[in-house]
Amino acid sequence: GYPAGGCTTTREVLELGKAIITLPANFLGSRWTLGYYNILNDTKINDAVVAKNELEYVRLAVALGTNSNNIRTDTEKRIRDNVHKLFHRDKPIQEWTKMFLDISPVCIHSDNDTKKNDEDTGNKGNRHNEL
């Protein structure tokens with residue numbers, strides 16, 4: 001939404017299969033809704049809900065609010081058909097894990113490395129991370 005970010009609110013609206021108009025600005029806080037729509041990956045949805053300026057924001061809101069040419073009906077069906085793409089995704093988990101491992105001062109070993117090291121040193125499970 002505009003001018004607020006819309007992270008949680010947008011996600012809740014999309015979970016209900018409803019559309020929300022957005023006017024993304026240059027900063028992250030105003031781009032959450034656009035980001036969610038981009039994950040849905042349907043250009044017809046974006047055409048119906050992503051404004052490029054304030055005048056277009058009003059035009060899109062009126063079209064959606066009045067269901068002009070069935071735009072709201074079509075857009076909300078497309079949202080319901082694609083909203084599953086927002087949830088249960090592995091890629092964000094992988095990216096967060098990678099980021100934390102990249103910035104971590106702790107040396108992380110796989111279980112296989114730890115088992116091999118235990119065998120080499122005679123360590124029987126007394127493990128700790130070294131900083």
Side-chain angles (χ1 to χ4, degrees):
Y2 174 81
C7 179
T8 301
T9 304
T10 298
R11 198 175 57 250
E12 290 170 345
V13 168
L14 294 175
E15 287 174 23
L16 295 172
K18 299 299 181 183
I20 186 169
I21 307 295
T22 187
L23 177 57
N26 292 330
F27 301 106
L28 175 65
S30 68
R31 300 183 71 82
W32 285 102
T33 305
L34 174 64
Y36 288 138
Y37 282 133
N38 286 342
I39 291 170
L40 298 185
N41 195 29
D42 184 321
T43 56
K44 289 196 176 209
I45 294 173
N46 282 29
D47 291 345
V49 296
V50 180
K52 294 172 184 61
N53 56 53
E54 291 174 352
L55 186 60
E56 186 178 30
Y57 184 94
V58 172
R59 183 185 65 73
L60 293 175
V62 169
L64 213 64
T66 61
N67 202 21
S68 176
N69 296 319
N70 289 319
I71 191 73
R72 183 178 64 237
T73 303
D74 180 58
T75 302
E76 290 179 351
K77 180 185 182 319
R78 289 174 173 280
I79 289 169
R80 287 190 304 275
D81 290 346
N82 288 286
V83 74
H84 68 276
K85 296 174 185 176
L86 292 178
F87 307 103
H88 310 293
R89 299 174 61 227
D90 288 335
K91 185 169 172 111
I93 295 167
Q94 293 164 357
E95 292 299 319
W96 277 101
T97 300
K98 181 183 178 309
M99 185 267 307
F100 283 124
L101 290 174
D102 287 347
I103 64 171
S104 174
V106 177
C107 182
I108 305 296
H109 299 283
S110 72
D111 285 343
N112 290 336
D113 291 340
T114 304
K115 287 176 187 172
K116 180 172 178 5
N117 188 39
D118 287 350
E119 291 168 3
D120 292 345
T121 62
N123 187 357
K124 300 292 183 205
N126 295 327
R127 298 182 197 112
H128 65 278
N129 291 326
E130 295 179 10
L131 296 177

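Just so you know, residue 1 is the first one in the sequence shown, and it goes up from there.
- Across all their heavy atoms, Thr75 and Ala48 have their closest contact at OG1-CB, 3.4 Å.
- By the 4.5 Å side-chain criterion applied to Ile, Leu, Val, Met, Phe, Trp and Tyr, Leu55 is assigned to no cluster and stands alone.
- We find the OG1-CD1 distance between Thr33 and Ile21 to be 10.5 Å, quoted to the nearest 0.5 Å.
- When atom types are taken as modelled, the side chain of Tyr36 and the backbone of Val83 share no donor-acceptor pair closer than 3.5 angstrom.
- Lys44 is linked by a salt bridge (Lys or Arg N to Asp or Glu O under 4.0 Å) to nothing, counting only residues two or more places apart in sequence or in another chain.
- Here Arg80 contributes atom CZ and Leu16 contributes atom CG; the two are 11.0 Å apart, rounded to the nearest 0.5 Å.
- Other members of the cluster containing Met99 are Trp96, Phe100, Ile103, with ILVMFWY side chains joined at under 4.5 Å, either directly or via other members.
- Partners of Arg78 by salt bridge (Lys or Arg N to Asp or Glu O under 4.0 Å), not counting sequence neighbours, listed by chain and number: Asp42, Asp74.
- When all heavy atoms are compared, the tightest approach of Leu40 to Ile45 is CD1-CD1, 4.2 Å.
- Separation of atoms CZ (Arg11) and CD1 (Ile20) is listed at 12.5 Å; rounding is to 0.5 Å.
- Arg72 contributes no side-chain N or O that, together with a main-chain N or O of Ala63, makes up a donor-acceptor pair within less than 3.5 Å.
- Residues Asn82 and Asn41 bring no donor and acceptor atom of their side chains to less than 3.5 Å of each other.
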Worked verdict on Asp81 versus Lys77 for side-chain contact (heavy atoms from CB on, under 4.5 Å): CA-CA 6 Å; Asp81 290 346; Lys77 180 185 182 319; 2.7 Å; yes
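- Pro24 and Arg31 get closest at one heavy-atom pair: CB-NH1, 3.7 Å.
- The distance from the CD atom of Glu76 to the CD1 atom of Ile71 is 10.5 Å, given to the nearest 0.5 Å.
- Within a 6.0 Å radius of CZ in Phe27, no more than 12 heavy atoms belonging to other residues, nucleotides or ligands are found.
- Residue pairs meeting the salt bridge (Lys or Arg N to Asp or Glu O under 4.0 Å) criterion with at least one partner in residues 85-98, sequence neighbours excluded, are Lys98-Asp102.
- Taking all atoms of both residues into account, the shortest heavy-atom contact from Asn46 to Tyr37 is OD1-CB, 3.3 Å.
- Tyr57 OH to Leu23 CG: the interatomic distance, rounded to the nearest 0.5 Å, is 7.5 Å.
- Both Phe87 and Ile79 sit in one connected hydrophobic cluster of ILVMFWY residues. Membership requires side-chain heavy atoms under 4.5 Å apart, directly or through other members.
- Both Leu28 and Ile39 belong to a single network of hydrophobic side chains, linked directly or stepwise wherever heavy atoms of I, L, V, M, F, W or Y lie under 4.5 Å apart.
- More than 12 heavy-atom neighbours from other residues, nucleotides or ligands sit within 6.0 angstrom of NE2 on His84.
- Partners of Asp47 under the side chain to side chain donor-acceptor pair (under 3.5 Å) rule, at least two apart in sequence or in another chain, do not exist in this structure.
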